[in-house]
Amino acid sequence: QLQASGVGLVQAGGSLRLSCAASGLTFGGYAMGWFRQAPGKEREFVATINWRGSITSYADSVKGRFTISRDDAKNRLHLQMSSLKPEDTAVYYCAARSNGYIGSQPNDYDYWGQGTQVTVSS
């Protein structure tokens, strides 16, 4: 089970940290990812990290502003977001991939969290 959390409302230019708590799976063996979905749009890739935490990848739209990280001791995934823009407004989802390798497609992932709303006001 994956449970995403984070403060939901922030002004443009601000920062926000999302967390995802994992339970019921061997967290350290999974690659993890963040996706987001805005109203009327398809779910899109944001960031991914491999099982060791040694490889990360980002969507071009967030590169340089967002940082994905993991804390295997606490079974937690994080997404530090800075320089937020109104277009970052979406429901953010964390996901787990059992083969341990990074992936940028929703179909790459085996487990999904319930999503947490992020709203960036202008």
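Note: hydrogens, waters and symmetry copies are ignored here, and every other heavy atom, side chains too, is used.
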Side chain to side chain contact (heavy atoms under 4.5 Å, CB included) assessment of V10 paired with T119: CA-CA 6 Å; V10 65; T119 302; over 6 Å; no
Please find the pair of heavy atoms, one from [X] and one from [Y], that lie closest to each other, and give the distance.
X	Y	answer
T116	G6	OG1-O, 4.0 Å
R65	S83	NH1-O, 2.9 Å
S122	A12	CA-CB, 4.3 Å
S61	R36	OG-NH2, 3.5 Å
F45	S57	CZ-O, 3.5 Å
F27	D71	CE2-O, 4.1 Å

Any side-chain donor-acceptor pair under 3.5 Å between S19 and H78? yes
Scan side-chain atoms only and decide if D108 and S104 contain a donor-acceptor pair under the 3.5 Å cut-off. no
So with a 6.0 Å cut-off around CD of Q11, is the heavy-atom count from everything else above 12? no
Hydrophobic clusters here meaning ILVMFWY residues chained together by side-chain heavy-atom distances under 4.5 Å, can you tell me if [X] and [Y] are in one?
X	Y	value
V46	L2	yes
V120	V91	no
L84	Y58	yes
I102	W51	no
M32	Y111	yes

Passing candidate, side chain to side chain contact (heavy atoms under 4.5 Å, CB included) with L79, options I68, I49, T67, V62: I68
Between [atom1] on residue [X] and [atom2] on residue [Y], distance to nearest 0.5 Å:
X	Y	atom1	atom2	value
D110	Y30	CG	OH	6.5 Å
D72	R52	CG	CZ	11.5 Å
Y101	I55	OH	CD1	9.0 Å
Q3	C20	CD	SG	8.0 Å
R43	Q105	CZ	CD	13.0 Å
Y93	L18	OH	CG	13.0 Å

Begin with the C-alpha distance, continue with both residues' side-chain angles, and end with the deciding distance and a verdict on ring-ring contact (aromatic ring centres under 6.0 Å, His included) for Y109 and F35. CA-CA 11 Å; Y109 291 83; F35 289 77; 5.3 Å; yes
With a 4.5 Å cut-off on side-chain heavy atoms, are [Y] and [X] touching?
X	Y	result
W112	C94	no
Y92	Q37	no
T89	Q117	yes

Check: N50 side chain, G53 main-chain N or O, donor-acceptor pair, under 3.5 Å: yes
Any ion pair linking K63 and D60 (charged N to carboxylate O, less than 4.0 Å)? yes
Criterion side chain to side chain contact (heavy atoms under 4.5 Å, CB included) on S15 and Q80, from CA distance to verdict: CA-CA 7 Å; S15 298; Q80 180 67 46; 4.1 Å; yes
